[in-house]
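These notes concern the structure reproduced below.
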Amino acid sequence: MKLNLYVLTPKRIIWDCEVKEIILSTNSGQIGVLPNHAPINTAVDMGPLRIRLLNDQWLTAVLWSGFARIVNNEIIILGNDAELGSDIDPEEAQQALKIAEANLSKAEGTKELVEAKLALRRARIRIEAVNWIPPSN
């Protein structure tokens, strides 16, 4: 059995392909989706999207929140923004993490603190996507 996965953002189509399985970050935690999954509509949290292709290779994308609908072996994810893990430069991601940590330590006021925490969370998610090691079959 296969799943039809569509990952869409306002800027582009990130993914449109058949897959075996996904692991999705939702507001209530991560969920795994296999064929014949129960129908569900859920908010998508900022975090990694793990995609298992038909050849059993795993890919990672990063979703920056959105909404997912899972029904009849079809997964439609409407995201505010997304990046494929293969598009993330590991050195740039590490540098962004260092900058975010520094900005958090010197943040003053509520607005700066909230923005710094969000930037740090985004940087950590990008690092997680780059460093993820897929499960062995």
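Residue numbers run from 1 in the order of the sequence given. Predicted model, so just to flag it, every value in this text is computed and none were measured.
Under a 4.0 Å N-O distance rule, the pair Glu92/Arg126 qualifies as a salt bridge. Look at Asp45 and Arg121 and you find a salt bridge, because one of the NZ, NE, NH1 or NH2 atoms lies within 4.0 Å of a carboxylate O, short of that distance. The existence of a salt bridge linking Lys11 and Glu83 is excluded, since no basic side-chain nitrogen approaches an acidic carboxylate oxygen closer than 4.0 Å.
Residues Leu54 and Lys20 share a closest heavy-atom pair of O-CE, 3.4 Å. Shown here for Ala82 and Arg12, the closest heavy-atom pair between the two residues is O-NH2, 3.8 Å. Considering all non-hydrogen atoms of both residues, Asn73 and His37 come closest at OD1-N, 4.4 Å. The shortest non-hydrogen separation linking Ile75 to Ile22 is CD1-CD1, 3.7 Å. Minimum interatomic distance between Ala68 and Ile77 (heavy atoms only, all atoms of both residues): CB-CG1, 4.0 Å. In plain terms, the two heavy atoms of Met46 and Ser25 that are nearest each other are O-CB, 4.4 Å.
Residue Asn72 places its CG atom among 12 or fewer non-hydrogen atoms of other residues, nucleotides or ligands, all under 6.0 Å distant.
One hydrophobic cluster, built from ILVMFWY side chains closer than 4.5 Å, cannot hold both Leu5 and Val71; they sit in different ones. If you chain together hydrophobic residues whose side chains sit under 4.5 Å apart, Ile40 and Leu3 fall into the same group. Linking ILVMFWY side-chain heavy atoms closer than 4.5 Å, directly or via other members, places Ile13 and Trp15 in two distinct hydrophobic clusters. In this structure, Val62 is not a member of the same hydrophobic cluster as Leu24, with clusters built from ILVMFWY side-chain heavy atoms closer than 4.5 Å. Hydrophobic clustering, with ILVMFWY side chains joined whenever heavy atoms are under 4.5 angstrom apart, keeps Leu8 apart from Leu59.
In this structure the side chain of Lys2 never reaches within 4.5 angstrom of the side chain of Val19, judged on heavy atoms. Within the 4.5 Å cutoff, no side-chain heavy atoms of Thr42 are placed close to those of Asn27. A heavy-atom distance below 4.5 Å is found between the side chains of Leu104 and Leu113. Taking the side chain as every heavy atom from C-beta outward, Leu97 and Ile99 never approach each other to under 4.5 Å. When side chains are defined from C-beta on, Ile70 counts as touching Ile31, because their heavy atoms get closer than 4.5 Å. A 4.5 Å side-chain heavy-atom check between Thr9 and Asn80 finds every atom pair outside the cut-off. Taking 4.5 Å as the limit, some side-chain heavy atom of Lys111 sits within range of a side-chain heavy atom of Glu115. Here the side chains of Thr60 and Ile88 are not in contact, with every heavy-atom distance at 4.5 Å or above.
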Evaluation steps, side chain to side chain contact (heavy atoms under 4.5 Å, CB included), between Ile23 and Leu49: CA-CA 6 Å; Ile23 302 170; Leu49 168 65; over 6 Å; no

Check against side chain to side chain contact (heavy atoms under 4.5 Å, CB included), Phe67 and Asn41: CA-CA 7 Å; Phe67 185 80; Asn41 294 316; 3.6 Å; yes

Full working for side chain to side chain contact (heavy atoms under 4.5 Å, CB included) between Leu120 and Glu101: CA-CA 6 Å; Leu120 181 61; Glu101 289 170 339; 3.5 Å; yes

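In terms of modelled atom types and a separation under 3.5 Å, the side chain of Glu112 and the main chain of Glu108 share a donor-acceptor contact. Not one N or O on the side chain of Asn103 forms a donor-acceptor pair closer than 3.5 Å with the backbone of Ala116.
If you take CZ on Arg52 and CD on Gln57, they are separated by 11.5 Å, rounding to the nearest 0.5 Å. Going from atom NZ of Lys98 over to atom CD of Gln95 covers 6.0 Å, rounded to the nearest 0.5 Å. Considering CG of Asp56 and CD of Glu21, their distance stands at 9.5 Å, rounded to 0.5 Å. Note: Arg50 CZ to Trp58 CH2 = 9.0 Å, rounded to the nearest 0.5 Å.
Annotation: cation-pi geometry satisfied between Arg122 and Trp64 (NZ/CZ under 6.0 angstrom from ring centroid, within 45° of ring axis).
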